[in-house]
Amino acid sequence: MGRKANHNEEEGKRLGVFQSMVYTIQTLWHADKSFVFYTFFKNTTEEVFITFFVIYLMQYIYSCIEEERSYQGLIRMVLLFCTIHIIFHFFSAGHAYCKRLKMPKVYSYVFRKVIDKATTIELSRYEQPDFYDRFSKALDECLTKGLEGLQSLTWSIGCFLAGISALAIIAKVDPLLVLFVIPPLVAALFIGGKLNQLHLKLREEETRDKRVTEYIKRVFYEKKYAGEIRLYEIRKLLYKKHADSFENRYQISRRIYRKIGWYAFLQYAVFFGLTILSAYVYVTYVIKTSDIAKIGAYVAMISSIDYVCWRIKEVIRHMNNAGKCCIYMNNLKEFLEYESLETKAGERLVTKPLGEIEIKDICFTYQGASSGVINGLSLSIKKGEKIALVGENGAGKTTLIKLLMGLYPLQKGNITIDGIDISEFEPKQYHQHFGTVFQDLQIFALPLSHNVLMREPRNEEERILIIESLKKAQFGDVLKNLPNGIDTMISKEFDEDGFVCSGGQAQKIAIARVFAKNPDIVILDEPSSALDPIAEYQMYHNMLLASEGKTVFFISHRLSSARIADRIFYLEDGKIVESGNHEELIKKGGKYAKMFELQAKQYKETISEERLSLLEEQESAREVRGDAES
C-alpha cells in the first residue's frame with residue numbers, strides 16, 4: 001500500500017510537456033549559458049532570414065523587372081542577401097564547433113550533479129530495480145535528449161517567427177491570401193496530434209521486445225557470459241528469442257505505420273495539396289479579372305503560401321519532438337529531487353576514534369521481501385575486539401554490517417557508538433572511519449595506486465604507503481613483476497599494457513585499501529573467498545597485526561578463520577542464536593560446532609588426498625633416480 005502511494009506521489013511530481021521544456025532550458029542554461037544563447041540566436045535568426053531570402057527577395061526581383069528599376073540596385077540587393085547567407089553558414093559551422101566543444105562541459109555538469117546526489121542516497125535503494133533504472137536513465141538519456149530538445153525547441157520558435165514574417169509579407173500584397181494558411185494550420189494541429197499518439201503507442205508496444213533484444217545483445221558481448229555461451233546450447237535459445245523479438249517489433253511497426261502513413265497522406269496530399277491548388281486558382285482569378293499590375297508579386301506569393309504551410313508543419317513537428325525529448329528530463333529531475341534519508345541525517349562530526357558499539361533490538365526488511373532479514377538483533381562490542389559473524393547464506397551477516405556503517409536505514413531499534421546514536425553523525429565523515437572489503441568488491445580501470453588509495457597519491461610518502469600496504473596484503477610478488485609498478489593500469493579497457501588481475505589478486509588489492517586507510521573499524525566480508533587456505537591464514541594474520549587496538553569484524557564461511565576471533569556470533573534468520581569464542585561454541589555442540597566439524601572433515605579429507613598424491617610423486621621420483629643410477 002505504501003509503495004503504491006509512493007508511486008502515485010512520484011507520478012504527481014512528474015512535469016508536463018511545457019514544464020519539462022522549461023526545466024531542460026534551465027538545466028542547460030546553468031551548465032553553459034553561452035551555448036544556450038548561441039543556439040537560440042542561430043536557429044531563430046537563421047529561420048527568419050531564410051523567409052526573407054526565399055519570399056522577399058523573390059518578390060523584390062519580380063518588382064524590379066515589372067517596374068524596370070535600376071539593374072545596379074537589384075545586384076546590390078542580391079549581393080547583400082548572398083553575403084548575409086554566407087555569414088549564416090559561418091554561424092552554423094561555428095555552432096557545430098561550439099556544440100562539440102561545449103558537450104563535455106554540459107555533460108560534466110549533469111554528471112557531477114547526479115553523482116553528488118547518488119552518494120547521499122541510502123544503499124538499500126540501489127537494490128530496487130525501479131530506482132536503479134531511474135538512476136541509469138538520469139545519466140544515459142537525459143543529456144542527449146535534452147540537447148536534442150533544445151535544438152528542436154529553438155527551431156520551432158525560429159519556424160514560428162519565420163511563418164509570422166512570411167504572413168506579414170503575404171498580407172502586404174493581398175490580405176485574403178492569409179486565409180489559405182488556415183487549412184494547413186488546422187491539419188498540422190489535428191493530424192500532428194494523431195501522429196504523435198501513434199508514435200507514442202509504437203514506443204510503448206515495442207518496449208518489451210526492445211528490452212529483450214538489447215539484453216540478448218549485451219549477453220553476447222559481455223565477458224561474464226562468454227564461457228556459458230560457448231559451452232552450452234543456450235545461444236540457440238537466445239538466437240530464437242532475439243529473432244522472435246525482432247519479428248514482434250516488425251509486426252507492431254507494420255500495423256501502426258499503416259495508420260501513420262494514412263494520416264501523413266491525408267496531411268500532405270489533401271490539406272497541403274488542396275491549399276496550394278486553391279491558392280493557384282485564386283491568384284489566377286485575381287490576375288484575369290482585375291487590372292492589377294503586380295503580377296510578379298502574386299506569382300511570388302504562390303510559392304510563399306507553400307512555404308508558410310511547410311513552416312507551420314515544421315513548427316508543430318519540432319515542438320512535438322522538443323516535448324518528447326524534454327520529457328526525458330523528468331528522470332533527471334526526479335532523481336535529483338529524491339529525498340533520501342541522508343538528507344535528514346545528523347551533522348555531528350566524529351572527533352575521536354570510534355569505540356564501544358551498542359546494537360539494540362534492530363530490525364530491517366528489504367523492500368518487497370515477505371520477511372525481515374534482521375529481526376530484533378542486539379549485541380555489545382568493546383573497542384579493539386575481533387568479532388566473527390558466521391552462519392548460512394541469507395542469515396543477515398552482511399546486512400548487519402551495512403546497518404552498522406549507516407548504509408541502510410534502520411527500521412526499528414538503534415545503534416550507538418560511545419553512547420552516541422550513529423544517525424547523529426554526518427554520514428560521509430562517519431564512513432571515513434571504516435575500512436571495508438566486501439564480498440562483491442570492485443576494481444576500477446585506474447592505476448594500481450589509485451585502486452589502493454582510492455584517490456590520486458599526493459606525495460612520495462603516500463606512494464611508499466601504497467607499496468607497504470600491497471606487501472602486507474601479499475601482493476608484493478605480483479607488484480615486482482608489474483612493468484610500471486604501482487602506476488600500472490588495472491585492466492586493458494583503456495591501456496593495452498594494463499594488468500588483468502585474477503579474483504584472488506583483486507581481493508588482495510581490496511585488502512591493501514584497508515591497510516592504507518588505517519581506519520578505526522575494519523570490516524572484512526568474505527575477503528578470502530578467492531584465496532587458498534594458506535594465503536587466507538597469512539592475510540588474517542597480517543590484518544590482525546595491523547589492526548592492533550582496532551575493532552575488527554570479519555564474515556567468513558570458512559570457520560577455521562573464525563578461531564582467531566575474540567568472539568563469534570552465529571546468525572540465523574536475522575537473530576543471534578549462539579555466541580562465544582571458538583572453544584566455548586565447540587563445547588556447546590550447537591550449530592556452530594556441527595558446521596565446524598563438517599568443514600574440518602572436508603579439510604582433513606582434502607589434505608589426506610594431497611599428502612597421498614605428494615607421496616606418490618616422491619616415490620615415482622625415487623624410482624626414476626634409481627633407474628638412472630643403475
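All residue numbers in this chain count up from 1 along the given sequence. Worth saying up front: this structure is predicted, and the values here are computed from it rather than measured.
- Between the Asn484 side chain and the Met489 main chain, no donor and acceptor come within less than 3.5 Å of each other.
- No side-chain heavy atom of Tyr38 sits less than 4.5 Å from a side-chain heavy atom of Asp32.
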- Task: Determine, step by step, whether Ser371 and Thr365 satisfy the side-chain contact (heavy atoms from CB on, under 4.5 Å) criterion, reporting the C-alpha distance in whole Å, the side-chain angles of both residues, the deciding distance to 0.1 Å, and the verdict.
- Result: CA-CA 7 Å; Ser371 59; Thr365 303; over 6 Å; no
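- A donor-acceptor pair under 3.5 Å is absent between the side-chain atoms of Ser491 and the main chain of Val500, judged by distance alone.
- By the 4.5 Å heavy-atom criterion applied to side chains, Asp520 and Lys383 are not counted as neighbours.
- Applying the side-chain hydrogen bond (donor to acceptor under 3.5 Å, both in side chains) test to pairs two or more places apart or on separate chains, those with a residue in residues 570-579 are Glu572-Lys591.
- A parallel orientation is assigned to the rings of Tyr107 and Phe111, their planes being inclined by less than 30° (bins at 30° and 60°).
- Between Tyr430 and Phe425, the ring planes are parallel. Angles under 30° get that label, and only those over 60° would be called perpendicular.
- Annotation: side-chain hydrogen bond (donor to acceptor under 3.5 Å, both in side chains) contacts of Glu385 (sequence neighbours excluded): Arg567.
- Between His242 and Phe220, the ring centre distance reaches or exceeds 6.0 Å.
- For Lys217, the side-chain hydrogen bond (donor to acceptor under 3.5 Å, both in side chains) partners two or more places apart in sequence, or in a different chain, are Glu214.
- Annotation: side chain of Ile359 is not in contact with side chain of Leu403 (no heavy-atom distance under 4.5 Å).
- The shortest distance between side-chain heavy atoms of Thr399 and Tyr408 falls below 4.5 Å.
- The shortest distance between side-chain heavy atoms of Ile216 and Thr213 does not fall below 4.5 Å.
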- Test log, rule side-chain contact (heavy atoms from CB on, under 4.5 Å), inputs Glu468 and Phe515: CA-CA 8 Å; Glu468 292 301 318; Phe515 286 122; over 6 Å; no
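- Looking at Phe475 and Ile511, their side chains never come closer than 4.5 Å, going by heavy atoms from C-beta outward.
- In this structure, Gln442 contributes its side chain and Phe444 its backbone to no donor-acceptor pair below 3.5 Å.
- A donor-acceptor pair is defined here as one N or O able to donate and one able to accept, closer than 3.5 Å; no such pair exists between the side chain of Lys397 and the backbone of Val390.
- Looking at His433, its side chain never comes within 3.5 Å of a backbone N or O of Ile521 through a donor-acceptor pair.
- In this structure, the side chain of Asn451 does not engage the main chain of Ile443 through any donor-acceptor pair within 3.5 Å.
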- Run the side-chain contact (heavy atoms from CB on, under 4.5 Å) check on Ile586 and Phe596 step by step: do they pass? CA-CA 8 Å; Ile586 291 295; Phe596 183 83; 3.8 Å; yes
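- Of all heavy-atom pairs spanning Leu465 and Ala516, the tightest one is CD2-O, 3.5 Å.
- Taking the side chain as every heavy atom from C-beta outward, Phe553 and Leu400 never approach each other to under 4.5 Å.
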- Dump the intermediate steps for side-chain contact (heavy atoms from CB on, under 4.5 Å) on Asn459 and Glu462, then the final yes or no. CA-CA 6 Å; Asn459 48 50; Glu462 289 190 345; 3.3 Å; yes
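- Considering only heavy atoms from C-beta on, Phe554 stays 4.5 Å or farther from Val522 through its side chain.
- At a threshold of 4.0 Å, the pair Asp477-Lys508 does not count as salt-bridged, since none of the basic side-chain nitrogens sits closer than that to a carboxylate oxygen.
- In this structure, NE2 on His431 lies 10.5 Å from NZ on Lys428, to the nearest 0.5 angstrom.
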